[in-house]
Amino acid sequence: MSDRPIIPLNCFFQGCYNPAYEEEIKKAKAKCHKYNQLCPNDVTAQQEILNSLLGKMGKNTIITPPFWCDYGYHITVGDNFYSNHNLIIQDGGGVSFGDNVFIAPNCCFTTAEHAIDPDMRKAGVEIAKPIKIGNNVWIGAGCTVLAGVEIGDNTVIGAGSIVTRSIPSNVVAVGVPCRVMREITPKDKEAYPIYGELLIE
């Protein structure tokens, strides 16, 4: 049985000024720091740290440093996961990624909310809400995905979006706040001319 402190979901709890949580965050930050100091091409050492940090990691996981998270073991990653530079995941409430997820540079996923009431917030009261990202999702550069959001399979989130609510499958969504712009259609395969051989299944 794990001795890790439990983070309750979707309710007020003492998140800040809590030594049990602070100790776990320190452990994760130390691993992230070590990860970020590696040569970017040292894939073997990167994989060793990620295996000890993440809760679950699929095949062909690439996280381009720098990378920061709060706990690490609340993050699950499917196969063929790629994130570019400056990925931040505040994973207290749990963040899950499906297979074939692409994340562009400078993206943030945060499961943490602070209390709106100023007295509660001052006392360190938080709320943790899980984030779920489906399969074949592309998150554009500079996006922020907020607590409690789910993003469906095959969806594209446009660069610079702030995702405050869940987004369905098979759409392009963009904006602040992020909204569905249109569905993905077969015509998207014809958006540009094809050069050379493509590895399309």
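- At least one donor-acceptor pair closer than 3.5 Å links the side chain of Asp188 to the backbone N or O of Thr185.
- The shortest distance between side-chain heavy atoms of Met57 and Asn51 falls below 4.5 Å.
- The same ILVMFWY cluster, assembled from side-chain heavy atoms under 4.5 Å apart, contains both Ile63 and Val137.
- By the 4.5 Å heavy-atom criterion applied to side chains, Leu38 and Ile49 are counted as neighbours.
- Note that CZ of Phe81 and OG1 of Thr76 are 10.0 Å apart. Values are rounded to the nearest 0.5 Å.
- Across all their heavy atoms, Lys31 and Ser52 have their closest contact at NZ-O, 2.9 Å.
- Pairing each heavy atom of Cys39 with each of Gln46, the nearest pair is O-NE2, 4.0 Å.
- Val125 is not listed as a side-chain neighbour of Asp119, based on a closest heavy-atom distance of 4.5 Å or more.
- Rounding to the nearest 0.5 Å gives a distance of 9.0 Å between CD1 of Ile162 and SG of Cys178.
- Under the 4.5 Å side-chain heavy-atom criterion for ILVMFWY residues, a single connected hydrophobic cluster contains both Val149 and Ile75.
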side-chain contact (heavy atoms from CB on, under 4.5 Å) between Glu22 and Ile25, intermediate numbers included: CA-CA 5 Å; Glu22 290 173 353; Ile25 290 171; 5.7 Å; no
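- Counting heavy-atom neighbours within 6.0 Å of Glu183 CD, excluding the residue itself, gives a total of 12 or less.
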Working note: Ile131 + Ser96, criterion side-chain contact (heavy atoms from CB on, under 4.5 Å); need CA distance, chi angles, decisive distance, verdict. CA-CA 6 Å; Ile131 292 172; Ser96 65; over 6 Å; no
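- Trp138 and Ile184 fall within a single hydrophobic cluster, where Ile, Leu, Val, Met, Phe, Trp and Tyr side chains are chained together by heavy-atom contacts under 4.5 Å.
- Using a 4.5 Å heavy-atom threshold, the side chains of Phe109 and Ile139 count as touching.
- Between Gly160 and Cys143, the shortest heavy-atom distance links the atoms N-SG, 3.9 Å.
- The minimum heavy-atom distance linking Gly92 with Ile7 is given by the pair O-CD1, 3.4 Å.
- Atom CG of Leu198 has more than 12 heavy atoms from other residues, nucleotides or ligands within 6.0 Å.
- The two residues Thr111 and Gly93 have their closest heavy-atom pair at OG1-N, 2.8 Å.
- Asp117 places a side-chain N or O within donor-acceptor distance of the main-chain N or O of Met120, the cut-off being under 3.5 Å.
- Contact record, His114 with Cys16: CE1-SG, 3.9 Å, taken as the closest heavy-atom pair.
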Which pairs of donor and acceptor atoms, one on a side chain in residues 97-107, lie under 3.5 Å apart (sequence neighbours left out)?
{"residue": "Asp99", "atom": "OD1", "partner": "Asp79", "partner atom": "N", "Å": "2.7"}
{"residue": "Asn100", "atom": "OD1", "partner": "Asn80", "partner atom": "ND2", "Å": "3.0"}
{"residue": "Asn100", "atom": "ND2", "partner": "Asn136", "partner atom": "OD1", "Å": "3.1"}
{"residue": "Asn106", "atom": "OD1", "partner": "Asn86", "partner atom": "ND2", "Å": "2.8"}

Acceptor/donor pairs from residues 65-72 side chains to any protein atom, 3.5 angstrom cut, sequence neighbours excluded:
{"residue": "Asp70", "atom": "OD1", "partner": "Lys29", "partner atom": "NZ", "Å": "3.1"}

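- To the nearest 0.5 Å, the span separating CD on Gln90 from OG1 on Thr110 amounts to 3.5 Å.
- A continuous path of ILVMFWY side-chain contacts below 4.5 Å connects Ile194 to Ile200, so both sit in one hydrophobic cluster.
- Within the 4.5 Å cutoff, the side chain of Ser83 has no heavy atoms near those of the Ile62 side chain.
- For the pair Arg121/Pro118, a side-chain contact is recorded, criterion being any heavy-atom separation below 4.5 Å from C-beta on.
- The hydrophobic cluster containing Leu54 also contains Tyr35, counting ILVMFWY residues as joined when their side-chain heavy atoms lie under 4.5 angstrom apart, directly or transitively.
- Taking 4.5 Å as the limit, every side-chain heavy atom of Asn41 sits out of range of all side-chain heavy atoms of Val43.
- Judged by distance alone, the side chain of Glu24 and the main-chain N or O of Arg4 form no donor-acceptor pair under 3.5 Å.
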Show every donor-acceptor pair shorter than 3.5 Å between a side-chain atom in residues 163-176 and any protein atom, with sequence neighbours excluded, or say none if there are none.
{"residue": "Ser166", "atom": "OG", "partner": "Glu150", "partner atom": "N", "Å": "3.0"}
{"residue": "Ser169", "atom": "OG", "partner": "Asp153", "partner atom": "N", "Å": "2.9"}
{"residue": "Asn170", "atom": "OD1", "partner": "Asn154", "partner atom": "ND2", "Å": "2.8"}

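- Judged by distance alone, the side chains of Gln14 and Tyr21 never bring a donor and an acceptor atom under 3.5 Å apart.
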Yes or no on side-chain contact (heavy atoms from CB on, under 4.5 Å) for Leu53 and Tyr73, after CA distance, side-chain angles and deciding distance? CA-CA 6 Å; Leu53 180 62; Tyr73 50 75; over 6 Å; no
Go through the steps to decide whether Leu146 and Lys129 satisfy the test side-chain contact (heavy atoms from CB on, under 4.5 Å), and finish with yes or no. CA-CA 9 Å; Leu146 297 183; Lys129 300 178 181 179; over 6 Å; no
